[in-house]
Amino acid sequence: MFRRVLSLAAAIGIVALSGCNVAKLLGTDTTGTSKLTTTQSIWINANWGGGATGLPNGAKAVTPNNLMGSYCPATSVLLYNHTSPISGWATFGGLILKNNCSASVSYLICSTAGGSQSNGIPKCDVDPRTTPLSRLLSLDLPGGAFDYVGNTTIDAGVNVFYCPSGNQFALGIISGAAPTDCWKP
């Protein structure tokens, strides 16, 4: 399983190693202002209201027009709640994400409804893009792979974020950028 919950303290601890010029590493000037260019990530909001299972009965995707690099279209992210077309995964109580793209993709995921329960998906902020790193699940999937994300209710709502190839999430360590924003190192 590729799922992990990232810790902001761990990320900062790694960056702040003795002798490390944090300002240079993070692309900031001496005042702490970021000089790195960031963009919003690709964002998918999917809902299974009304007791639907399988594919979401409502989904919207936002793809910023200023992304740096190539990226998989939002239609390449397949989400299944409480059912799956994958043999042997037909009965379970949660969400599966399938990367139907040929490239490996890293995702950040949080829930707007029905995810915050035992072994569930952490709850998003009111604006999901500003959700702190401590409440985002991270999932890395090779092209064509799928994984169980977490327990959900039948009426779940989730937000999925990902960046173009060669980009990384800001993860809350770039001044002025949301954790779900992307930057090209």
Side-chain angles (χ1 to χ4, degrees), residues 1-46 59-77 79 95 97 99 101-112 115-116 120-143 145 147 149-150 157-185:
M1 179 176 282
F2 298 100
R3 183 177 77 150
R4 65 183 182 270
V5 177
L6 298 174
S7 164
L8 180 57
I12 291 171
I14 292 168
V15 170
L17 296 172
S18 176
C20 181
N21 183 341
V22 176
K24 185 174 181 178
L25 181 64
L26 295 179
T28 58
D29 60 22
T30 55
T31 66
T33 303
S34 178
K35 296 187 301 183
L36 299 173
T37 301
T38 61
T39 61
Q40 291 185 332
S41 57
I42 300 163
W43 174 22
I44 300 168
N45 174 267
K60 71 174 188 171
V62 177
T63 303
N65 59 7
N66 61 343
L67 292 173
M68 298 173 281
S70 62
Y71 57 89
C72 299
T75 54
S76 69
V77 179
L79 300 165
L95 180 73
L97 186 149
N99 174 8
C101 188
S102 59
S104 292
V105 178
S106 294
Y107 302 96
L108 293 177
I109 306 157
C110 61
S111 70
T112 51
S116 296
I121 301 167
K123 186 138 179 76
C124 301
D125 274 1
V126 172
D127 177 354
R129 289 186 181 273
T130 63
T131 303
L133 190 57
S134 62
R135 290 200 329 264
L136 291 166
L137 287 181
S138 176
L139 183 67
D140 299 315
L141 288 177
D147 203 355
V149 178
V158 298
N159 291 276
V160 177
F161 304 95
Y162 65 100
C163 295
S165 296
N167 283 241
Q168 298 176 5
F169 285 111
L171 301 177
I173 59 174
I174 296 176
S175 177
T180 59
D181 284 352
C182 303
W183 68 285
K184 189 168 182 78

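Separating the OG atom in S175 from the CG atom in L36 is a distance of 10.0 Å, to the nearest 0.5 Å. From S76, atom OG reaches atom CD1 of I44 across 7.0 Å, with rounding to the nearest 0.5 Å. Atoms CG and CG, on D140 and D147 in that order, are 10.0 Å from each other to the nearest 0.5 Å. Atom SG of residue C182 and atom CD1 of residue I42 lie 7.0 Å apart, to the nearest 0.5 angstrom. Rounding to the nearest 0.5 Å places CD of Q40 at 8.0 Å from CG of N66.
For N65, there are no side-chain contact (heavy atoms from CB on, under 4.5 Å) partners, not counting sequence neighbours. The side-chain contact (heavy atoms from CB on, under 4.5 Å) test applied to A46 returns W48, P56, A59, L79, V158, not counting sequence neighbours. Qualifying side-chain contact (heavy atoms from CB on, under 4.5 Å) partners for T130, counting only residues two or more places apart in sequence or in other chains: D125, D127.
Proximity of a side-chain donor or acceptor of T39 to a complementary backbone N or O of L67 within less than 3.5 Å is not detected. S111 places a side-chain N or O within donor-acceptor distance of the main-chain N or O of P122, the cut-off being under 3.5 Å.
Looking at every heavy atom in both residues, G150 comes nearest to I121 through CA-CG1, 4.1 Å. Contact detail for T180 and P128: the closest heavy-atom pair is CG2-O, 4.5 Å. Residue G120 comes nearest to L137 through the heavy atom pair O-CD1, 4.4 Å, listed as atom of the first residue, atom of the second, then distance.
Between L141 and V105, the closest side-chain pair of non-hydrogen atoms is not below 4.5 Å. C110 is not listed as a side-chain neighbour of R135, based on a closest heavy-atom distance of 4.5 Å or more. Counting heavy atoms from C-beta on, the side chains of V149 and Y107 never come closer than 4.5 Å.
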Show which side-chain atoms of residues 159-174 pair as donor or acceptor with protein atoms under 3.5 Å away, not counting sequence neighbours.
from : atom 1 : to   : atom 2 : distance (Å)
N159 : OD1    : W43  : NE1    : 2.7
N159 : OD1    : N45  : ND2    : 3.0
Y162 : OH     : C72  : O      : 2.7
Y162 : OH     : P73  : O      : 3.2
Y162 : OH     : A74  : N      : 3.2
N167 : ND2    : M68  : O      : 2.7
N167 : ND2    : S165 : O      : 3.3

